[in-house]
Number of protein chains: 2
Amino acid sequence: MKGHRRRPRLRLSATRIAQFAAGDRPPIGEVTVLPSLRGKGGEGVAQRQAIGRTTPPSRKRLSPPPGRRATLRDIAGALGLSVAAVSRALNGHPDVSPTTRRRVLEVARQLNYRPNAAAKTLVTHRSRLIGVYFLGQERARFSHPFASEVVDGLLEGLATAGYDLLVFGDGLYDGGAPSFMDLAAHRQIDGAVFLGLRTDDPRWGELARLPFPLVTIDVPVEGERAVSVGCDHIEGARLMARHLAALGHRRIAMINGHRWAPVSWERLTGFTAGLRQVGLEWEEACLVEGDFTEASGYQGAVELLRRRPRPTAIFAASDLMALGVLRAAREMGIAVPEELSVGGYDDISDAARASPPLTTVHQPRRQLGVAAAQSVVGLIERGHDGIPSRVLLRPELVVRASTGPAPSSSP
Amino acid sequence: MKGHRRRPRLRLSATRIAQFAAGDRPPIGEVTVLPSLRGKGGEGVAQRQAIGRTTPPSRKRLSPPPGRRATLRDIAGALGLSVAAVSRALNGHPDVSPTTRRRVLEVARQLNYRPNAAAKTLVTHRSRLIGVYFLGQERARFSHPFASEVVDGLLEGLATAGYDLLVFGDGLYDGGAPSFMDLAAHRQIDGAVFLGLRTDDPRWGELARLPFPLVTIDVPVEGERAVSVGCDHIEGARLMARHLAALGHRRIAMINGHRWAPVSWERLTGFTAGLRQVGLEWEEACLVEGDFTEASGYQGAVELLRRRPRPTAIFAASDLMALGVLRAAREMGIAVPEELSVGGYDDISDAARASPPLTTVHQPRRQLGVAAAQSVVGLIERGHDGIPSRVLLRPELVVRASTGPAPSSSP
DNA sequence: TTGAAAGCGATACCAC
DNA sequence: GTGGTATCGCTTTCAA
């Protein structure tokens, strides 16, 4: 491996931009490569010394070293200081004279200095990198309607705190599910966020030994170095139950998610509790188990809608499944909401645009991500003191056209 | 900074899992922290020597050093080799004896050795990190319907090649748009992918000086170290034009994206060319400029639908805008497709579920991402030889219910 | 084929 | 306050 780098040069033709702005044609950037090689080894040292000699601690305007980025040594050399002093000045240590700090900062700016994360990581054992694990989704990671917005919030929260995000995920690597630790070890991540973790994941035991803080979304985990962030799904499902009951429905069915997701248990619990609160009985027979996907919602609906007497309302534990229910109803010629009310969960963007628009339980997905970010960062930087071990955000019922009064007579 | 690390320990109660599987209650992981500190400094050296002494080159079963990850020195010590030899063996250099390599690999496995990316990056100046820049989207990054799936493909392609993905984006950092280089310099990324780059971005000139290969999505850029990946939008828009014309439409309007996106020019060009091919005239008056958002599509539609004679078909250069058109038509009491045909572009997931389902031009988004990944990696590892400077994927017309025969009489 | 040693760029300890 | 220096884990000459 050579370690050398070409430095490309791009010239964007301003005329072309102007032309395109005038609706004429699109701009084309032109990139040409100049053969200047990246300096290394002895050459680099020579350059550094040259900088030290030609620029004594004076007011001369400095410019970045050619062919490579400025380092602490460059700043130290230009100022006649030691790298140690420069490092302290740059990192805000108290034991630097104000004058020195000022001069260091100024030269750093002039040389366009940027700290080298790799070097920093090597010596501090801290990378300022957070790993996000997308679990149980073969292909849809960022394009998963629920996960994507959580990750958006996560990214925002982490950027604010000065952390970067690294993505891991099932199905991305050869040879089945790789160990969490293997993925993490290479990049020395400081913390991790888990999305879609199932309780039957063979690697559950591994979470044990992760040498960094972790946050799970929607999966309760107890411990000093772990935080779980999620919505209060018991409450969310309860809201839906009361809404349907208030509309006069009595034969209410539910299509739940799979049993390996803690949220399934929570939503079922909340839903049945809600029905019970208004004096309705819940029968096990009204429950069908899906897996959160559209297809499973469709299937579950077909099964439920063939029963006699037919349920007048179906609560699906995810919007995707609820969309499947709508499709099944449409195909079976059952009018929504006249003959059947349908409730979903998540409030994904498709929900509002479905026909009819879906009544659902809104989850503040972006805030979930932000909360997750704050939790990992808090755990990393301040330890578990003052960091809640569990963060529960409030879900909200969104009533749209897919639910309506119970039909007076049953088919 | 101490550099010390606690090692957490988590015990997952197996009974609880079983109970939950039985529908009883959800599993709770229990994490407890043991006070064993991470070794460093002198301590670490002592451990290493101990390993070297207690395990001479024998067949003894080795285990990872306690409290820290194994390093090359551990392997070397256990085998009585030099770190240099171990490094060469692990990296597949030819100048190692087969026996040595075998033994090194075996010990590495036993010690659960993982290379340290930071150390490697520091010396090789290669990080195996690719930066993806989300531009021009304040909040929706991963949750943007177009971008998310491209990034999914990108991630997949990169993982296959052994690269990781780092995310940058506008609005993530304080103080306005930061320089591309500033973001990249810190982490020493090996290459970059740009999404949503506008031709009026003040940082265009900066692309010039990026010291690594770059790929733009949907923005043509020429140069040895740059590749642009996208769809053939001229062709895509042409397909839509011919489809609408074939349905008998004569008064056809278009809502384009903003002029700072090269795709806008391409789609307009293709659309007018398509109309011309079938003998239709294109009037500038039929063009409204939006900005790809739903709101701008709505506005544009309101404007167009107030005109007399009213257009009988509208082509929106993005599905989001087309959804806005549908909303406008609905509010204005104009039936789609009976009185107005609507075409979109992108085939986002909402398109198929819209009512009526949207006729649109499908873009293979995931493949776009995969192609981008292959391009950056190719550029990095093999230089520009044999790497196409531009990759154009084929779009596809998807006909759904939002387009239909032109109404015989005009309102 | 292997080993010794010089860094890569930064931090932190210990003197002064 | 400041400087010298060992060190993080690894790659890469250069000798042996």
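Fair warning: this is a prediction, and the values are worked out from it, not measured in the lab. Each chain gets a letter, A, B and so on, in the order its sequence line appears, and its residues count up from 1. All values below come from the heavy atoms of this structure, side chains included, with hydrogens, waters and symmetry mates left out.
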- Once you round it to whole Å, what is the distance between P of C:dG7 and CG of A:Leu122? 17 Å
- Task: Please work out if B:Thr121 contacts a base, only the sugar-phosphate, or nothing of the nucleic acid, heavy-atom cut-off 4.0 Å.
- Result: nothing
- Query: Expressed in angstrom and rounded to an integer, what is the separation of A:His93 atom NE2 from D:dT2 atom C1'?
  - Reply: 14 Å
- Message: Less than 4.0 angstrom between a side-chain N/O of A:Lys120 and OP1 or OP2 of C:dG9, yes or no?
- Response: no
- Distance in angstrom units between B:Leu79 CG and C:dT2 P, rounded: 10 Å
- Message: Tell me the interatomic distance from B:Tyr113, atom OH, to D:dC10, atom C1', rounded to whole angstroms.
- Response: 7 Å
- Message: How many whole angstroms separate atom CG of B:Leu111 from atom P of D:dG9?
- Response: 14 Å
- Task: Specify the separation, in whole Å, of atom CZ of B:Arg187 and atom P of C:dA10.
- Result: 14 Å
- Mind calculating the distance between CG (A:Asn91) and P (C:dG9) to the nearest angstrom? 17 Å
- Nearest of C:dT1, C:dG7, D:dT12 to any side-chain atom of B:Thr100? C:dT1
- Task: Using heavy atoms to find the nearest nucleotide of DNA chain D for A:Ala119 and B:Ser87 separately, return the residue whose nucleotide is more 5′.
- Result: A:Ala119
- Query: With a distance cut-off below 6.0 Å to the six-membered ring centre and an angular limit of 45° from the axis, does B:Arg141 pair with B:Phe134 as a cation-pi contact?
  - Reply: no
- Message: Apply side chain to side chain contact (heavy atoms under 4.5 Å, CB included) to residues A:Leu195 and A:Leu135 and explain how you reach the verdict.
- Response: CA-CA 6 Å; A:Leu195 272 156; A:Leu135 270 16; over 6 Å; no
- Pairwise side-chain contact, A:Phe180 with A:Asp201, heavy-atom cut-off 4.5 Å (strictly under): yes
- Message: Measuring centre to centre across the rings, with the benzene-like ring taken for any Trp, is B:Tyr173 within less than 6.0 Å of B:Phe168?
- Response: no
- Are B:Arg128 and A:His186 side-chain neighbours, meaning at least one heavy-atom pair lies under 4.5 Å? no
- Answer whether the closest heavy-atom distance between the side chains of B:Arg187 and A:Leu129 falls below 4.5 Å. yes
- Note on the structure: Between CG of A:Leu72 and P of D:dC8 the distance, given in whole Å, is 19 Å
- Query: Contact class for A:Asn116 (heavy atom, under 4.0 Å): base, sugar-phosphate, or nothing?
  - Reply: sugar-phosphate
- Task: Report yes if at least one side-chain N or O of A:Thr124 is closer than 4.0 Å to OP1 or OP2 of D:dC8; otherwise report no.
- Result: no
- Message: Between B:Arg101 and B:Leu105, is there a side-chain heavy-atom distance shorter than 4.5 Å?
- Response: yes
Please write out the pairs of protein N or O atoms and N or O atoms of nucleotides 3-5 of chain C separated by less than 3.5 Å, giving the distance to one decimal.
{"from": "C:dG3", "atom 1": "OP2", "to": "B:Ser82", "atom 2": "N", "distance (Å)": "2.9"}
{"from": "C:dG3", "atom 1": "OP2", "to": "B:Ser82", "atom 2": "OG", "distance (Å)": "3.0"}
{"from": "C:dG3", "atom 1": "N7", "to": "B:Arg88", "atom 2": "NH2", "distance (Å)": "2.9"}
{"from": "C:dG3", "atom 1": "O6", "to": "B:Arg88", "atom 2": "NH1", "distance (Å)": "2.9"}

